[in-house]
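Heavy-atom basis, side chains included; hydrogens, waters and symmetry copies ignored. Residues: numbered from 1 along the sequence shown.
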Amino acid sequence: MRAESFGFLQRLVEAPSPSGYEQPAAAVFREYMTPIADEVTTDVMGSVHAVLKGKKGGPSVMIAGHIDEIGFMVTYVTDDGYCAFAPIGGHDPQVLPGARVDVHTKDGVLRGVLGRLPIHLLEEDDRKKVVKMDRMFIDLGMKAGDVKKRVRIGDPVTYGVGLETFGEGMAVSRAFDDKMGAWIAAEVLRSVKKAGGAAGDLIAAATVQEEIGMRGGTTSAYSQDPVIGIAVEVTHATDYLDVDKRKFGEVLCGKGPSISRGANINPKVFDLLCETAEADKIPYQVEGAPRGTGTDANAIQLSRGGKAAALVNVPLRYMHTPTEVLSLKDLESTVKLLAAFVRRLEPGMDFTP
C-alpha cells in the first residue's frame, strides 16, 4: 500500500466521529479528496461528496462508505466527578469494563477509563452477569470541579485506541466499521482518475449517521441521484474459532472482498462485479443476503424510484469492539475491483432486471 494511502487510512480511522459528531473525519476526507476530485461538497447532514466528472455520458456511480463510528455520549456528571454515559450505536457490554476512552470536549481531549465495581467487590450472583452499561462510568482521574468545568452533557466519547499493523498483513483499530469504506471510495476515485477517468460521473461519498439508521446514505442517494449505488461495508469474517459457517457462511480475511447477493442487490450489477473480478484476476467471495442488509445499500436501493444497488464488503473480525481486525490486502483488492468495475461501464447500459 502506498505510504500516502496508508497515512490517509490512519488519519481517517483515528479521527473521532461517533454518529452525529462526524466533522473531524469529514475534514480528513475533504482534505484528501480536494486536490484529486473535480468537485468536493458537504451537505447539511455532514456527508461529503467528491465527484469525478464522466467523459462519455455513461451511467453515474456513487460509492459510499460511512464515516460515523460507534461511541458514547456523556449524559450526566456526578458530584464526585464521574461521568455517566449512553451508547451511540451498538456495543458489546462485555468488552467495556476497563477500556480506555477519550472524551472530546470543546477545549480538547480528556483520557478516561470505563470503570465499574471490581469482581472482588461484587455479590456472588452479580459475578455471573454481564454488567449493564448504566452501572458503568467514565473516570477521568480529575477533581470533580475540574470535570464539571470541562465536560458538557452531550460530549462525544470514543475508544482510546488507534490503528496498528500486526501479524502477516493484518491491521487492528477501532472504527474500521466503516471508515475503511470511505477510504476505499476515495481510493477508487483516485485510481479511476489516474487511469484516465470513466464514462460516467463517479461520486465518492463519505456518509454520516449510518450506525443510527442509515440517515446519511438516505440523503446522499437522494441528492446525488446516481444510476448505480454501491455501499462499501465490513462484514463478519467467519475464519476464527466458534463461528458456525452453516449459519453465517464462509467469509475469510485475506481472500478478497465479499460481494453480497440477494434482494437488496441489483442482479445485473452483481453479475458485472463478479465478471470484472474474474476478468482482472481479483480475488473475491460471495455472501448471501436474503433480506435487507442493514447497510447504506438499503437506503440507496430505495431512493427515489429505486436504484441499481450493490454491497461490497471487507471481511472483519471482532466487529463493534475496540479491536476490529482486517487484512490490508483485502482493502487493496476492493479498490482494484471497484475501480475496474467503474471503468467497464459504458453509455446506454441498462440495469433493469
Should we say atom CZ of R2 is surrounded by more than 12 heavy atoms from elsewhere, each under 6.0 Å from it? yes
Have S19 and D68 got a donor and an acceptor in their side chains that come within less than 3.5 Å? yes
Is it the case that more than 12 heavy atoms not belonging to E168 sit under 6.0 Å from its CD atom? no
Is Y240 atom OH crowded by more than 12 heavy atoms from other residues, nucleotides or ligands, each under 6.0 Å away? yes
Shared hydrophobic cluster, V48 / V192 (ILVMFWY, side-chain heavy atoms < 4.5 Å): yes
Would you please test R190 and E187 for salt bridge (charged side-chain N to carboxylate O under 4.0 Å, His left out) and show each step? CA-CA 5 Å; R190 184 183 67 81; E187 288 294 286; 3.0 Å; yes
Gap separating the CG atom of L252 from the CZ atom of R317, nearest 0.5 angstrom: 9.0 Å
Give a yes or no on whether the backbone of G249 and the side-chain of T238 come within a donor-acceptor separation of less than 3.5 Å. yes
If you measure from CD on E210 to CD on E69, what distance do you get to the nearest 0.5 Å? 13.0 Å
For atom NE2 of H236, decide whether the heavy atoms of other residues, nucleotides or ligands shown that lie under 6.0 angstrom number more than 12. no
CZ/R261: more than 12 non-hydrogen atoms of other groups inside 6.0 Å: no
Quick check for you: to the nearest 0.5 Å, what is the distance between H66 atom NE2 and S17 atom OG? 10.0 Å
Rounded to the nearest 0.5 Å, what separation is found between the NZ atom of K143 and the NZ atom of K149? 10.0 Å
Please work out whether the ring planes of F72 and Y159 are parallel, tilted or perpendicular, with thresholds of 30° and 60°. perpendicular
So, Y32 and E4: side-chain donor and acceptor under 3.5 Å apart, yes or no? no
Between T321 and D92: side-chain donor-acceptor atoms closer than 3.5 Å: no
Under 3.5 Å, is there a donor-acceptor pair between the T352 and D350 side chains? yes
Please say whether more than 12 non-hydrogen atoms of neighbouring residues, nucleotides or ligands are located less than 6.0 Å from NZ in K255. no
Inspect the surroundings of OH in Y82 and state if more than 12 heavy atoms from other residues, nucleotides or ligands are less than 6.0 Å away. no
If only atom types and distance count, is the side chain of K106 paired as donor or acceptor with the main-chain N or O of R152 below 3.5 Å? no
Take a 6.0 Å sphere around NZ of K193 and say whether it holds more than 12 heavy atoms from other residues, nucleotides or ligands. yes
From K281 NZ over to K336 NZ, what is the distance, rounded to the nearest 0.5 angstrom? 13.5 Å
Can you tell me if S303 uses its side chain to pair, donor with acceptor, with the backbone of G306 under 3.5 Å? no
Quick one: pull up CD in E324 and CZ in F176 and give me the separation to the nearest 0.5 Å. 8.0 Å
For I300, does its backbone N or O pair with a side-chain atom of K307 as donor and acceptor, under 3.5 Å? no
